[in-house]
Q: 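Dropping a structure here in structure tokens format, bear with me for questions.
Chain naming here is simple, since letters A, B, ... match the order of the sequence lines and numbering starts at 1 in each.
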Number of protein chains: 2
Amino acid sequence: MAGQPGRKRSEAARDAILGAALELLRERGYGQVTVDAIATRAGVGKQTIYRWWRTKPDVVLEALTAHAHRTITLPDTGDLERDLTVFLRATFRTLSGSESLAPILRGLMAEAQLDPEFLARFRVFIEARRALVRARLQSARELALDAASVDVAVDMIFGAMWYRMLLEHAPTDAATARRVAQLVAGMAGGE
Amino acid sequence: MAGQPGRKRSEAARDAILGAALELLRERGYGQVTVDAIATRAGVGKQTIYRWWRTKPDVVLEALTAHAHRTITLPDTGDLERDLTVFLRATFRTLSGSESLAPILRGLMAEAQLDPEFLARFRVFIEARRALVRARLQSARELALDAASVDVAVDMIFGAMWYRMLLEHAPTDAATARRVAQLVAGMAGGE
DNA sequence: GCTTGACGAGACTAGTGGTCTCGAATTATA
DNA sequence: TATAATTCGAGACCACTAGTCTCGTCAAGC
């Protein structure tokens, strides 16, 4: 593998871009952040952004994942309701307060609706979270569901979260986390 | 109430605008529909659109509600699972096929994320559907849930629908409708 | 017939995502 | 040391579109 000639990619520029994006996202909210502003704040040419990312939401998605890299874990103590409560509380916590990721996630979901190609990439991000919960529901002795029903249950869990996040008609707080876990654990019999 | 002087609002123009919007929405999808195109197709000046609607998504929202004005009903036979299945099947049916409303709903949800003022108006549309299901869950003898848990259950139902609609990772078909109804009916005991 | 306000048409503004170009800086290879 | 490849920051530039403004015309009440 012969080394390529030419200047190498600047890691400093990459970090500056992702950092500036995150800062601006927090300061102004997704809709008010422009690529020009990111470039200026990062002290970078706009072309440097478009050389490494296809579109604006792709930059934001990477800024998000680079920041929230520590994955939230889903414990398996054998008590589904408890495990789910822990997981959902931790997840919902990232959606509130001044460090909330909700505005970013909402912006990305909006872009995914307007750009089918980005949706495919965004789905990869989403899928990781779904797989985590799906595995826990499949192994739950409390539930006796076929694979398709497990999938539906997973979507009811994340669906409720997204639905509340997108419409902002009700909170995604600790109490909600407990109730979702309770209702899921109660599904298909048992109490 | 003295009649106002001046030319009256043209109902023909209103209908032409909403009709053209719906046509274009079907033909091109939300993201590809411009206000100019709606005006041209409707044979109307752009100002006539902006005189009666604040923004593009407001036009689309009214085109949607004017078209899907017949509300889907939620029966109450005493059998929650059955009633929910009926309701969800009917609802999901509007989201598939060539007449699918999904692209329109997705576009509006995207706009709602980028424009907080429109979100408030969009939420009114959403709220009507939530209220229908909430009432049915509250009256369900199969369930014994406090008000907050009912709200969560409602959001799990519609959340699953929206989540699948927005991410397109799984269908919203009759089988899904049945499974959602099954899982909800199973919540908090019972089988 | 006069005033008011809506009408179709279209010019216009403002903002933004994304592309293109340029001279300078880096890096591998010869 | 030279050369070719490739990145960098900077900024001009293009394309598109939501929304505003203007204008001459048309309809309705007084």
Q: In this structure, how many angstroms lie between the C1' atom of C:dT26 and the CD atom of A:Glu11, rounded?
A: 15 Å

Q: Any donor-acceptor pair under 3.5 Å linking the side chain of A:Arg123 with the backbone of B:Leu167?
A: yes

Q: Would you mind checking if B:Glu99 and B:Arg26 are paired as a salt bridge, meaning a charged N to carboxylate O distance below 4.0 Å?
A: yes

Q: Is there a side-chain contact (heavy atoms from CB on, under 4.5 Å) between A:Val152 and B:Arg164? Walk through the geometry before answering.
A: CA-CA 9 Å; A:Val152 170; B:Arg164 288 194 166 199; 3.6 Å; yes

Q: Scan nucleotides 16-28 of chain D nucleotide by nucleotide, 5' to 3', and note B when protein non-hydrogen atoms come under 4.0 Å of the base, S if they reach only the sugar-phosphate, - if neither.
A: -SSBBB----BBB

Q: Quick one: label B:Trp53 by what it contacts on the DNA or RNA (base, sugar-phosphate, nothing), any heavy atom closer than 4.0 Å.
A: nothing

Q: Salt-bridge test for A:Asp146 and B:Arg179: reply yes if a basic N is under 4.0 Å from a carboxylate O, no otherwise.
A: yes

Q: CD1 of A:Ile49 versus C1' of D:dG11: gap in Å, rounded?
A: 14 Å

Q: Starting from P on C:dA9, measure out to CZ on B:Arg41 and report it in whole angstrom.
A: 15 Å

Q: Taking all atoms of both residues into account, what is the closest heavy-atom pair of A:Ala181 and A:Leu88, and its distance?
A: N-CD1, 4.3 Å

Q: Using a strict heavy-atom distance below 4.0 Å, which residues from residues 17-25 of chain A are in contact with DNA chain D?
A: none

Q: Rounding to an integer number of Å, can you tell me how far A:Trp52 CH2 sits from D:dG9 P?
A: 12 Å

Q: Is the shortest side-chain heavy-atom distance between A:Leu22 and A:Ile104 below 4.5 Å?
A: yes

Q: Given D:dT6, is OP1 or OP2 found less than 4.0 Å from the side-chain N or O atoms of A:Arg9?
A: no

Q: Kindly list each side-chain donor-acceptor pair under 3.5 angstrom involving residues 11-20 of chain A, sequence neighbours excluded, with atom names and distances?
A:
from	atom 1	to	atom 2	distance (Å)
A:Arg14	NE	A:Glu62	OE2	3.4
A:Arg14	NH2	A:Glu62	OE2	2.7

Q: Do we get A:Arg129 above A:Phe125's six-membered ring, with its NZ or CZ under 6.0 Å from the centre and within 45° of the axis?
A: yes

Q: Any side-chain N or O of B:Ser10 under 4.0 Å from OP1/OP2 of C:dA6?
A: no

